[in-house]
Amino acid sequence: MNLVTTVFLITTILSLVLATVSFWLPQITPDNEKLSPYECGFDPMGSARLPFSLRFFLVAILFLLFDLEIALLLPLPWGDQLASPLLTFSWASAVLILLTLGLIYEWIQGGLEWAE
């Protein structure tokens, strides 16, 4: 038997064993907290039209923006291997300056303040 067939057979058997055990291992009677449809901390019997703070949304957008910045700037150390690394570094600097100006504007406008 060659290596590919052996690996395929082992992964198939292991997957079937784990899938079978996962059906029998959990408890049959879960508690009331696990049966509750809400896990976010809101009262499930209250109104679904609760006011939502816009500050949570703004902070989430800021986290996404700076995560995107990290993802865009991650390949920057390999940019010096290009034919014109100055162009790559100038574009990266432009992105950083733009994001820094946006952060400064957000800070001045008070969008990062939690309490009024």
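What you see is a predicted model; the values in this text were computed from it and never measured.
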Side chains of residues 95-109: which donor-acceptor pairs under 3.5 Å do they make with residues two or more places apart or in other chains?
unit_1, atom_1, unit_2, atom_2, d
Thr100, OG1, Leu96, O, 2.7

Apart from Val7 itself, its cluster of hydrophobic side chains linked below 4.5 Å comprises Leu3
_Just checking Phe8: does its CZ atom have more than 12 heavy atoms from other residues, nucleotides or ligands closer to it than 6.0 angstrom?_
no
With sequence neighbours left out, the residues meeting side chain to side chain contact (heavy atoms under 4.5 Å, CB included) with Thr6 are Met1, Ile10
Side chain to side chain contact (heavy atoms under 4.5 Å, CB included) test vs Leu14 passes for just one of Thr12, Thr11, Leu18, namely Leu18
For Leu86, the other hydrophobic cluster members (4.5 Å side-chain criterion, sorted by chain and number) are none
Tracing side-chain contacts under 4.5 Å among Ile, Leu, Val, Met, Phe, Trp and Tyr outward from Leu16 reaches none
Hits for side chain to side chain donor-acceptor pair (under 3.5 Å) against Asn2, two or more places apart or cross-chain, chain-then-number order -> Thr5
